[in-house]
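Reading through the structure tokens given below for one structure.
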Amino acid sequence: MTEKYNIIVIGAGHAGCEAALAASRLGLKTLLITINADSIARMPCNPAVGGIAKGQMVREMDALGGEMGWITDHAGVQFKMLNRSRGPAVWSPRAQCDKEMYSVLMTKSIQSQANLSLLQSEVSSIIVKHNKVCGVKIATGEIIDTDAAIVTTGTFLMGRIYLGKDYFVGGRFNERAATYLSKSLIDDCGLKLGRFKTTTPPRVNTNSIDYNKMTIQPGDEKPLPFSHFTEVEKWRTNLNQLPCWLTYTNPQTHKIVLDKADLSSIGIGETNSKSPRYCPAIEEKIERYPQKERHQIFVEPEGRMTNEMYLNGLFTGIPFNAQERMIHSIAGLESAKIIRFGYAIEYDYVKPLQIKKTMETKTVENLFLGGQINGTTGYEEAGVQGFMAGVNAVLKLLGKEPFILGRDEAYIGILIDDITTKGMDEPYRMFTSRAEYRLSIRSDNADLRLMDKGHSLGLISDKAYAKFELYRKTLNQMLEKETEILPTDEELNPWSAEKIKDEIDICNKYKGYIEIENKMFQKMKKSEARVIPEDFDYNLLHSISVETKQRLSQTRPSTIGQASRIPSIKPSDIAILTIYLEKMRKEKKPKAQIQND
Ligand SMILES: Cc1cc2nc3c(=O)[nH]c(=O)nc-3n(C[C@H](O)[C@H](O)[C@H](O)COP(=O)(O)OP(=O)(O)OC[C@H]3O[C@@H](n4cnc5c(N)ncnc54)[C@H](O)[C@@H]3O)c2cc1C
């Protein structure tokens, strides 16, 4: 093809869409290539966005100028603030979505975006010259020139679908796998790949469910949207929420599952690939907790225009006939008609220690990776990485400073810091417990933390930013008790008086605690920020173990803070490293000359 692009994004999943929108909105000529243009931003598992810590990330990305929050507000069928019974620090918004609607709305955003073209094709290889990306080859053999590429191929690389012990090649059910690109990532880009696995539960027809035997789970009475730009009152008025339902497994279910557990696809596969520990298959849960007589099953709608109900909690890899018996043993599902069976998928991922915090690979310049390809799982984890890869690819091509978020600034920063420094031995998902400063990085204050940055990047318009500034000014004045007069809701819209009052309550509640957290943070930050030279020779540290030296040499953390978060690195190792660096700084001698005592 003759046309050249600044950026080519490979894969229109959750990461690819955010990457392509960010890059094109920042003005660069962008091409999004995807195997199937009918499955843009498809949700192959539960069509739910947000949840514990994930909701925070969606709000953060929205404050920076991402798309997921806005689309969720318009495709959502039920909205709930999780963890309401606990403190606001861990409140996490979650929405059950209409999966078709989500995909349609994202497709519309992609197709309407200036500077962005969409092409249905499979990318078979990355063209690299002098260690720099210069093009991609598509399956028909044509080469498309580009200055940078962002790979966001999800579960498709050498994907294998498991139904019990049987398997066939596929990227998702009824979608073909990408069978060429892995080889190019290894041979042309020098990257090391691993294998992971994930499962999805069966779906049943709503007409065949007896809801009298289940407990209704309604949405929030006063739901809150994800996007800062959604006009709350208008949105609430038009929102017709659907209920979810709760039922339980029982000893009979467990017996059926255990009888067939040895035929499950969990724990098998080419490389005994790992599945997410926190999202276990029902067979794993029953084996892991033999004393538990029942497990929760949430029955959740997949959309307004479909009868399919998702059985959240029944992830499974057991054979089809056993799945049917398992479902029929559960209260309310005795006559349930299965529309889709549960299955497992195994796929290649790139070990993310090979990428920088900008999401650029360490092996090839201008090659960026985002989403499930980096070993993470979840739409939100994928979306935020894609967004950051898109932004950083643009900044790199324009010769500007990279955009990196700190662990104290955003969950997005924590995710990227974790995966690029700790590596992983199972699919990575976000939790609030991964955040050191979670009192400060809440879902309610994502705008206060990040909207300045989104505006500076150029992804938040001046008009929207002016509204935000009025909200922030009013909030600060009221917190300082300088005024009690609120602007009208029309002036504040899409922010509101309700939001200001809620924020004041939260700020007052946390004031003392946040001050303590900030002091602790400042103390830690002093030593955290200390830079470790890129070519630092860890063998110079005589008093630490060989394994620790190897781990540090392999990971190459750029700061003491990063080093301290590498699994298996002990505080005593960090103390030795800090003392050594301090000694180097004082002596200002070449490191080879410094004696380590
Ligand atoms: C069966 C199954 C179960 C899952 N279970 C869970 C779960 O329980 N919990 C959870 O959080 N997440 C789960 N997920 C994962 C969730 O779907 C992903 O985390 C998320 O979709 C990843 O987004 P992504 O953008 O990285 O990739 P994807 O959404 O997978 O999108 C990848 C895109 O890249 C395209 N593509 C791939 N290769 C090429 C190529 N060579 N050329 C062009 N285009 C290409 C594909 O067509 C697709 O559009 C599950 C996924 C599957 C398939």
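Count residues from 1 along the sequence. First listed ligand is number 1; within each ligand, the first listed atom is number 1.
In this structure, Y5 OH and D145 CG are separated by 11.0 Å, a value rounded to the nearest 0.5 Å. Separation of atoms OG1 (T107) and CD1 (I40) is listed at 4.0 Å; rounding is to 0.5 Å. In this structure, CG in L415 is found 11.0 Å from CG in L405, a value given to the nearest 0.5 Å.
One option in G170, A178, S125, A382 has a heavy atom closer to atom 24 (P) of ligand 1 than any other, and that option is A382.
Counting the atoms of ligand 1 from 1 in the order shown, those under 4.0 Å from a heavy atom of A15 are 25 (O). Each of the following atoms of ligand 1 lies closer than 4.0 Å to a heavy atom of P44: 17 (O), 51 (C), 52 (C), 53 (C). Taking a cut-off of under 4.0 Å to the non-hydrogen atoms of T199, the atoms of ligand 1 that pass are 3 (C), 4 (C), 5 (N), 8 (O). Residue contact check: Y343 has heavy atoms under 4.0 Å from atoms 1 (C) of ligand 1. Interface atoms of ligand 1 facing K54, defined by a heavy-atom separation under 4.0 Å, are 11 (O). Under a 4.0 Å criterion applied to the non-hydrogen atoms of A12, ligand 1 contributes the atoms 33 (C), 34 (O), 49 (O). Ligand-side atoms of ligand 1 in range of G13: 25 (O), 29 (O), 31 (O), 33 (C), 49 (O), range being under 4.0 angstrom from any heavy atom. Short contacts between ligand 1 and I345, defined as distances under 4.0 Å to a heavy atom of the residue, involve ligand atoms 1 (C), 53 (C).
Ion pairing of E324 with K337 is absent here, as no side-chain N (NZ or NE/NH1/NH2) approaches a carboxylate O to less than 4.0 Å. Under 4.0 Å is where a charged nitrogen must lie from a carboxylate oxygen, and between E283 and K260 no such pair does. Under 4.0 Å is where a charged nitrogen must lie from a carboxylate oxygen, and between D147 and K4 at least one such pair does.
Judged by the 6.0 Å and 45° rule, K197 forms no cation-pi pair with Y347. Taking the centre and axis of the six-membered ring of W91, the NZ or CZ atom of R84 falls inside the cone set by 45° and 6.0 Å.
At least one N or O atom of V123, backbone or side chain, sits closer than 3.5 Å to an N or O atom of ligand 1. Not a single N or O atom of N36, backbone or side chain, sits closer than 3.5 Å to an N or O atom of ligand 1. When only interatomic distances are considered, the shortest N/O to N/O separation between Q372 and ligand 1 falls below 3.5 Å. By the 3.5 Å distance cut-off applied to N or O atoms, T376 is not counted among the residues near ligand 1. Checked against a 3.5 angstrom limit, the closest N/O atoms of T377 and ligand 1 fall inside it. Any N or O atom pair closer than 3.5 Å counts here, and I35 shares at least one such pair with ligand 1. An N or O contact shorter than 3.5 Å is missing between T200 and ligand 1 by distance.
If you look at E122 next to ligand 1, the close heavy atoms, those under 4.0 Å, come from the backbone and the side chain alike. Contacts with ligand 1 closer than 4.0 Å are made by backbone heavy atoms (N, CA, C, O) of S121 only, the side chain lying farther away. Both the backbone and the side chain of T153 come within 4.0 Å of ligand 1, judged by heavy-atom distances.
Taking a 4.0 Å cut-off on heavy atoms, F173 fails to register as neighbouring ligand 1. Residue contacts with ligand 1: E380 is excluded, as none of its non-hydrogen atoms falls under 4.0 Å. Residue contacts with ligand 1 leave out G171, since none of its heavy atoms falls under 4.0 Å from the ligand. No heavy atom of G159 sits closer than 4.0 Å to any atom of ligand 1.
Qualifying ring-ring contact (aromatic ring centres under 6.0 Å, His included) partners for Y349, counting only residues two or more places apart in sequence or in other chains: F196.
Note: F173 and Y343 meet the aromatic proximity criterion, with ring centroids under 6.0 Å apart.
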>> Before you tell me yes or no, could you show the steps for E300 and R94 under salt bridge (Lys or Arg N to Asp or Glu O under 4.0 Å), namely the whole-Å CA-CA distance, both residues' side-chain angles and the distance that decides it to 0.1 Å?
In response: CA-CA 13 Å; E300 303 176 316; R94 179 194 193 268; 3.3 Å; yes
>> Run D417 and K422 through salt bridge (Lys or Arg N to Asp or Glu O under 4.0 Å) and show every step you take.
In response: CA-CA 8 Å; D417 189 51; K422 288 187 183 179; over 6 Å; no
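R160 is not listed as a side-chain neighbour of F168, based on a closest heavy-atom distance of 4.5 Å or more. No side-chain heavy atom of M81 sits less than 4.5 Å from a side-chain heavy atom of S92.
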